[in-house]
Amino acid sequence: MSWREKQTAMLAEKKVLMVGAGGIGCELLKNIVLAGFRDIHVIDLDTIDVSNLNRQFLFRREHVGKSKAEVATAAGLRIAPDAEVKIVFDHDSIFSEKFNYEFFKQFAFVLNALDNRSARNHVNRMCMSTHVPLIDGGTAGYLGQVRTMVRGATECYECVPKDENKKSFPGCTIRNTPSEHIHCTVWSKHVFNQLFGEVDIDDDVSPDMDDEEAKEKLEVTDEGMESGDGPKEEGGDAKLEEEEEEGGKGEEQKEKPSNTRMMAEESGYNPEIIFNKLFVDDIHYLLKMANLWKERRPPVPQPFGELATENAGSSTISTAAQMDPAQRVWTPAENGDEFRKAVEELRVRKAAAPDGILSWDKDDDAAMRFVAACANIRAVIFGIPMKSLFEIKSMAGNIIPAIATTNAIIAGIMTVDALRIAAGHADKIASSILLPVPNFRGMVVIPEPVVKPNPSCYTCSAKREVTMRVNVEKMTVETLRDKVLMGALGVGAPDVMEATTSKVILSSEPGETDGLLGDTLSLHGLSMGGRLLVEDFDSSDELRLVVLQAAAFDDVTFEIVSDEKPEVKEEGEEEEEMAEKMEDATIGKKRKTMDETEFPVKKARVEEEEEISV
Ligand SMILES: Nc1ncnc2c1ncn2[C@@H]1O[C@H](COP(=O)(O)OP(=O)(O)OP(=O)(O)O)[C@@H](O)[C@H]1O
Ligand SMILES: [Zn+2]
């Protein structure tokens, strides 16, 4: 048999799972069929949208509304008509119970072509638990990343906890000193929530009187407070809050901007009153913090009735686009009018909402117009050029353009990694980053060093790991304790923590968690399954419980799918050896001359859920 025949036979044997048949998925399916894989399972829960057609090239106009998995499969089968290709599909979510432990176990590796973190987390857990290698691809605009993860040898998708609370801009920039339009847009989304949504105290929109920058300089020259360039006659008797313990200024009487929500409610959501509070009164408060404006242009209040009817600022939109009201930059007066109309509509909708709360959505026309108008008026106040509704929508909705070429490159790298894994060259596995612009060496695809597993990772560290199926909607914490943990698994005095939230749902301390015993598991972060960390207070033994959902089960039924003790020695050694080999064979040699400072981008990660669009 020639090497080519051997290769063909070898690839034909490998069963491949591809999750997601969108931007990356379409490219990837074509690649893996052309590369010689002959047994492929495609899963996607979505149907084809007209907006997918520009880059998801396996789909045509007549497929709009049809299942992505089904149409991609049919197209994939046509790519190599002479070869014996088997592609099966499921139009379903990867969270579905039928994709269980046994299902995952049958694959040589899994290819993730997904666009959200929760599905990625789930596939990661299934792959780590079944020891099936996972190749995960993601793109965000021109940026892309491929990560190949092998249990015990590399870090897994969850080895490094993701920052859930990413705050992009400091609060004082948003509340006091915006310098770019995005700052005004972020502020406007907060205003929407303050007025119509769920009030988040962290997203206050009023001037931040505790701004350190203002305070610090005030200590030097108190007169500065009265020397601002902007109007100061109104509320001129108000004093800035000082929190100095010993400075003596703390006694000065303090006046604070009124609470936005309370003011709106008291005014019956009168658009003009709200407008003047946000764009006149609050701006006067800002002007009183004169130190902020010593080296900045001071803001200029914009009373509702005095908005300019002509545009001073401009945007980058071409003249052809000026015809489209979404692409044209509204004048300040038009923004004022849009503000009024949006407040009137949202006021009615808020009153009619069952819980009296609206949630912001970029595709909600009134909500989007409100945010655009608010952001533009604030931009005028701070001398920032205004933008069109279209431009603001893409900023406010965190819309990152999906770029076909990025998807194609990432799918290509994933295919090379797939071929390596299929050929048993686990020692040649590398993760890669695709840069938007070449680095100093002219490279856009950068290999990343293999990172070893985090020994305290909740998903992949070496611990006894029990995988079980239960109905999380029905099984209570008490049943989990009595029947599963103390009964079947022999845990003497279980302490149980949900792994993602670190919430204790069961304590061995008598009485401590009695209030939770009647709760179903789904109430504690296991709505579609998840992981529980269990410690036996008596023996100090630990185990990880991987919970898979089984909707058909009643409240007491459970099935132990697997019960793995910590890796036996040979296996552990083998995997460690493999990790070492990987380091030497792939990145280590190539990268010996590249130190961290030369290579800052290697730490970049494409992992924020909202930012991954493929
Ligand atoms: N839980 C899941 N189970 C199965 N498929 C999923 C799951 N979550 C996401 N997907 C699929 O992953 C694919 C990701 O591809 P992509 O980001 O191109 O999505 P899209 O919706 O087609 O594009 P866009 O979001 O840019 O409109 C989508 O087809 C989506 O349906
Ligand atoms: Zn891990």
Side-chain angles (χ1 to χ4, degrees), residues 17-29 41-59 63-64 66-72 89-99 110-129 131 134 136-141 144 147 149-162 362-363 394 397-404 406-408 410-411 451-463 465 499-500 528-529 531 544 546 606 609-614:
L17 172 62
M18 186 181 94
V19 194
I24 292 179
C26 282
E27 290 285 344
L28 194 55
L29 185 60
H41 197 121
V42 177
I43 298 175
D44 197 301
L45 50 64
D46 208 2
T47 53
I48 296 159
D49 188 87
V50 72
S51 65
N52 299 148
L53 301 180
N54 67 350
R55 62 192 187 285
Q56 299 177 21
F57 69 96
L58 298 179
F59 311 143
H63 299 134
V64 170
K66 294 195 172 146
S67 155
K68 282 185 173 179
E70 182 174 3
V71 176
F89 71 89
D90 270 289
H91 177 73
D92 207 338
S93 169
I94 192 62
F95 287 101
S96 165
E97 286 171 39
K98 65 181 177 208
F99 307 128
V110 176
L111 297 164
N112 260 356
L114 285 160
D115 61 353
N116 63 85
R117 191 186 295 166
S118 57
R120 283 189 163 96
N121 282 344
H122 179 76
V123 177
N124 180 56
R125 284 169 204 173
M126 296 305 292
C127 285
M128 291 306 123
S129 142
H131 292 254
L134 169 62
D136 183 281
T139 63
R147 269 195 274 176
M149 292 163 277
V150 180
R151 172 83 186 259
T154 70
E155 65 173 352
C156 81
Y157 186 70
E158 294 167 287
C159 269
V160 181
K162 315 285 184 292
K362 69 175 173 12
D363 296 318
S394 87
N398 252 338
I399 299 170
I400 297 172
I403 297 180
T406 313
N407 289 338
I410 290 302
V451 181
K452 286 191 179 171
N454 172 0
S456 51
C457 173
Y458 288 154
T459 299
C460 70
S461 57
K463 270 199 181 85
E465 182 172 296
T500 312
M528 284 181 287
R531 291 152 312 160
R544 180 168 47 231
V546 178
V606 185
E609 185 170 316
E610 331 63 89
E611 286 173 12
I612 305 254
S613 75
V614 284

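Counting starts at 1 for both ligands and their atoms, in listed order. All values below come from the heavy atoms of this structure, side chains included, with hydrogens, waters and symmetry mates left out.
For S129, the side chain to side chain contact (heavy atoms under 4.5 Å, CB included) criterion is met by Y101, E465, T467, not counting sequence neighbours. Partners of H91 by side chain to side chain donor-acceptor pair (under 3.5 Å), not counting sequence neighbours, listed by chain and number: S67. Taking the ring pair (Phe, Tyr, Trp, His ring centres under 6.0 Å) definition, one finds that F89 meets it with nothing, sequence neighbours left out.
Shown here are the protein N/O/S atoms lying under 2.8 Å from the Zn ion (ligand 2), water excluded: C156 SG, C159 SG, C457 SG, C460 SG.
Put simply, CZ on F99 and CG on L17 are 8.0 Å apart, with the number rounded to the nearest 0.5 Å.
Relative ring orientation between F95 and H122 is described as tilted, the plane-to-plane angle lying within the 30° to 60° band.
Contacts between A113 and ligand 1, counted as non-hydrogen atom pairs separated by less than 4.0 Å, involve the backbone only. Neither the backbone nor the side chain of H122 has any atom closer than 4.0 Å to an atom of ligand 1 (non-hydrogen atoms only). No part of D49 comes within 4.0 Å of ligand 1, judged by heavy-atom distances. Counting heavy atoms closer than 4.0 Å to ligand 1, residue A119 contributes side-chain atoms (C-beta onward) but none from N, CA, C or O.
Between N407, L114, T139, it is L114 that holds the heavy atom closest to atom 10 (N) of ligand 1.
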**OP:** May I have the step-by-step check of side-chain contact (heavy atoms from CB on, under 4.5 Å) for K68 and N52, ending in yes or no?
**Re:** CA-CA 10 Å; K68 282 185 173 179; N52 299 148; 3.4 Å; yes
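Inclusion of R55 in the set of residues having an N or O under 3.5 Å from an N or O of ligand 1 is warranted. Considering backbone and side-chain N/O of V19, none are found under 3.5 Å from N/O of ligand 1. Residue contacts with ligand 1: G20 is placed with no nitrogen or oxygen under 3.5 Å of a nitrogen or oxygen of the ligand (distance criterion only).
Between the side chains of R147 and T154, no donor-acceptor pair of N or O atoms lies under 3.5 Å.
Between S93 and ligand 1 there is a heavy-atom distance shorter than 4.0 Å. I24 does not count as a contact of ligand 1, since none of its heavy atoms falls under 4.0 Å from the ligand.
For T406 (side chain) and G141 (main-chain N/O), a donor-acceptor pair under 3.5 Å exists by modelled atom type. Formation of a donor-acceptor pair under 3.5 Å by the R151 side chain with backbone atoms of C460 is found in this model. The backbone N or O of S461 lies less than 3.5 Å from a partner atom in the side chain of R544, making a donor-acceptor pair. N112 places no side-chain N or O within donor-acceptor distance of the main-chain N or O of L114, the cut-off being under 3.5 Å.
Each of the atoms 18 (O), 20 (P), 22 (O), 23 (O) of ligand 1 lies under 4.0 Å from some heavy atom of Q56. Every atom of ligand 1 with a heavy atom of G23 under 4.0 Å away is listed here by number and element: 15 (O), 16 (P), 18 (O). Applying the 4.0 Å criterion to heavy atoms of L45 picks out, from ligand 1, the atoms 1 (N), 2 (C), 3 (N), 4 (C), 5 (N), 6 (C), 7 (C), 31 (O). For ligand 1, the atoms sitting less than 4.0 Å from at least one non-hydrogen atom of D46 are 31 (O), numbered in the order shown with element in parentheses.
A heavy-atom distance below 4.5 Å is not found between the side chains of I94 and M126.
Taking every heavy atom of both residues into account, L28 and A113 meet most closely at CD2-CB, 4.4 Å.
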